[in-house]
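Both counts, for ligands and for their atoms, begin at 1 and track the order of listing.
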Amino acid sequence: MQEKFYLTTAIDYVNGAPHIGHAYEKILSDVIIRHKRQLTDKAYMLTGTDEHGVKIQKTAAAKGITPKELCDENFSKFEQAWKELEISYDQIIRTTDEKHKKVVKQIFKKLLENGDIYKHSYTGLYCAGCESFLNPKDLTEDGLCPDHLKKPEEITEENYFFRLSKYKEKIAEYIKSNPDFIQPSIRVNEILNQLENIEDISVSRTKESVQWGIGVPDDITQTIYVWIDALSNYITAIGYDIENPSEQFNELWPANVHVIGKDIIKFHSIYWSAILMSLGLPLAKSIYAHGWITIDQSKMSKSIGNVIAPHDVLEAFNLEKPDAFRYYMASAALTGKDGNYSDDDFKEKVNADLANNIGNLLNRTLNMLVKYFDGEIKPEFVTDKNSKIAVLAQNTKTQIIECFNKFEVAEAANIIVSFADSVNKYVTDNAPWTLAKEEKMQECGSVLYNVLEAMRHIAIMLYPYCPNIAQDILTQLNENIDFKYDNLVWGGLKPNKITEKEKIKPVFLRLDSEFATDKKKG
Ligand code: MSP
């Protein structure tokens, strides 16, 4: 039986267009899910958009359109961006979907019946940026929201509250006994500390303050706000229903990983865990919190004017395919660390790894195969699965699987590149051109075989990052296989005429520095 793998991303707010921070998360997630699909047929990726809330309501009002019109307009920008980046999600949920709204109401009702939601009059410090009340202990010394650096507003309202405090010990216990739950593990203590001070949270707002949202069942004066609506997407999308959960839900839940940014880890590890516990559902197996992407080392912000859309990068560098950008973003930050985008780094990194290292290796080797053997892999070329290079290929495969098990996407990319480095060194050390000159043709052919077989391995391992380049490598090798890891068995490349002079093409062209323009600064 193949193991299932259910991955979710955060659902993006649609009060603007997607930027490369949103893209970073979706690319990381897509690389992980494509890798998992290489191992199992049951890998499923969910992404989506978070469409309710006061910000949408206000932005729409300012534009003179309805909130739904604004959501539709921006949702299509996200959809288009993910298409352009070849994000291969299986499903994209919108929190304005009827099915979602219906099940969120059921969930709210169930929590109420369980005694975990109660009505309470409350005066609190509300941050519009976070769309939530803040705990005074979490404010900066100047009394500002630590994320938005704005003074929260004091608001008194009668709201529904969720009994988060009831679940405090149970969640702490769960985190401690499941070391894989919060990743990277450096975040565990931060969450345990937050848990100690956790209080019940407001989960609704009055209709006067928020109209754009799902109504509280049987109470026309209140709107569900905001995390119960947003977080529930992970189960409503796949057919959760209190009475009658779908087969798909039973198969996929619990999620194997929620991929999210480090700013929303509290909501996922504490709020969401408590909601699931109240519903009697198992918790996700892990939550992977990635770092943030800065631009030229500064925080991306509309006021600085440095917000970059993924499309702008592709356009500025004249890229028809997203591979280079995907590769760069997926390697931009080591697990959980922040990363940075800069035009110069982007060019340098993809030129070095994709053009010089991997692309040239293939090109040179195919040219030698044409020159010495008329483009043919001959039956007399020998390879040994116990040879150094074959063993290295197998070890590389194992290391990559291990990396992905820990969501080390950038680390896995580095391992592929260092394998390509070793293969380049193998070519230099074994100098097939000298072997040809000395007429040691069988030895020369065997060296070329090993390099091309290594390239076949590289194509499969690179596929999650660069699906088009990976396909081009296989096409250049005249290989008609899929990207499953079952194909990563040394010796898979069979004797055959695989190429001729005219067919050899670079799989990745160096980025020309002139392409970088100011166009990107949106
Ligand atoms: N709607 C909530 C998430 C609800 S999940 C049930 C939200 N939306 S968001 O649009 O603000 O952010 C969506 C995701 O993008 C989050 O995981 C967030 O961390 C991530 N990023 C937003 N800006 C980012 C960067 N600059 N860099 C990396 N990721 C960033 O939060």
Side-chain angles (χ1 to χ4, degrees), residues 7-30 46-56 59 71 74-75 77-78 81-82 85 87 92-96 100 104 107 127-132 147-148 187 203 212-213 224-237 255 257-273 275-276 284 287-302 304 306-310 328-330 332-342 407 409-410 522:
L7 175 149
T8 68
T9 72
I11 52 173
D12 302 307
Y13 289 128
V14 284
N15 49 330
H19 56 57
I20 65 173
H22 300 120
Y24 172 61
E25 177 175 287
K26 300 330 177 248
I27 291 171
L28 275 186
S29 303
D30 189 52
L46 172 72
T47 190
T49 46
D50 192 353
E51 306 196 351
H52 292 126
V54 94
K55 270 202 223 156
I56 302 274
T59 313
C71 292
N74 285 332
F75 172 77
K77 292 181 190 160
F78 277 86
W82 302 160
L85 296 178
I87 307 298
I92 185 162
I93 183 175
R94 303 177 61 175
T95 54
T96 49
H100 173 79
V104 167
I107 292 172
C127 170
C130 296
E131 304 204 7
S132 64
D147 287 337
H148 297 91
R187 302 238 168 253
V203 288
W212 183 238
I224 297 177
Y225 207 68
V226 60
W227 286 98
I228 291 189
D229 175 1
L231 291 161
S232 300
N233 91 86
Y234 302 134
I235 54 176
T236 64
V257 62
H258 293 313
V259 179
I260 51 155
K262 62 180 186 180
D263 55 321
I264 52 174
I265 185 164
K266 177 170 98 185
F267 305 113
H268 283 76
S269 55
I270 303 180
Y271 295 20
W272 183 224
S273 297
I275 295 170
L276 288 168
I287 295 170
Y288 169 55
H290 60 74
W292 267 43
I293 295 294
T294 52
I295 306 282
D296 298 326
Q297 311 298 341
S298 314
K299 196 170 173 191
M300 228 183 307
S301 95
K302 279 190 190 149
I304 304 177
N306 64 348
V307 179
I308 299 183
Y328 176 75
M329 292 308 278
L334 296 179
T335 311
K337 297 258 171 8
D338 291 338
N340 181 58
Y341 175 87
S342 90
F407 312 113
V409 175

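- Aromatic ring centres of H22 and F78: separated by under 6.0 Å.
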Give me the pairs of N or O atoms, one from ligand 1 and one from the protein, that sit under 3.5 Å apart.
from	atom 1	to	atom 2	distance (Å)
ligand 1	1 (N)	I11	O	2.8
ligand 1	1 (N)	D50	OD2	2.7
ligand 1	10 (O)	Y13	N	3.0
ligand 1	10 (O)	H22	NE2	3.3
ligand 1	17 (O)	E25	OE1	2.5
ligand 1	17 (O)	G261	N	2.9
ligand 1	19 (O)	D263	OD1	2.6
ligand 1	19 (O)	W292	NE1	3.4
ligand 1	26 (N)	I293	O	3.2
ligand 1	27 (N)	I293	N	2.8
ligand 1	29 (N)	G21	O	3.4

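- Note that K266 lies outside the cation-pi zone of Y271, set by a 6.0 Å cut-off to the ring centre and a 45° limit from the axis.
- In this structure, N233 contributes its side chain and A230 its backbone to a donor-acceptor pair below 3.5 Å.
- Using a 4.0 Å cut-off between charged nitrogen and carboxylate oxygen, R94 and D50 do not count as a salt-bridge pair.
- Using modelled atom types, one side-chain atom of H100 and one backbone atom of D229 make a donor-acceptor pair closer than 3.5 Å.
- For H268 and Y234, the gap between ring centers is short of 6.0 Å.
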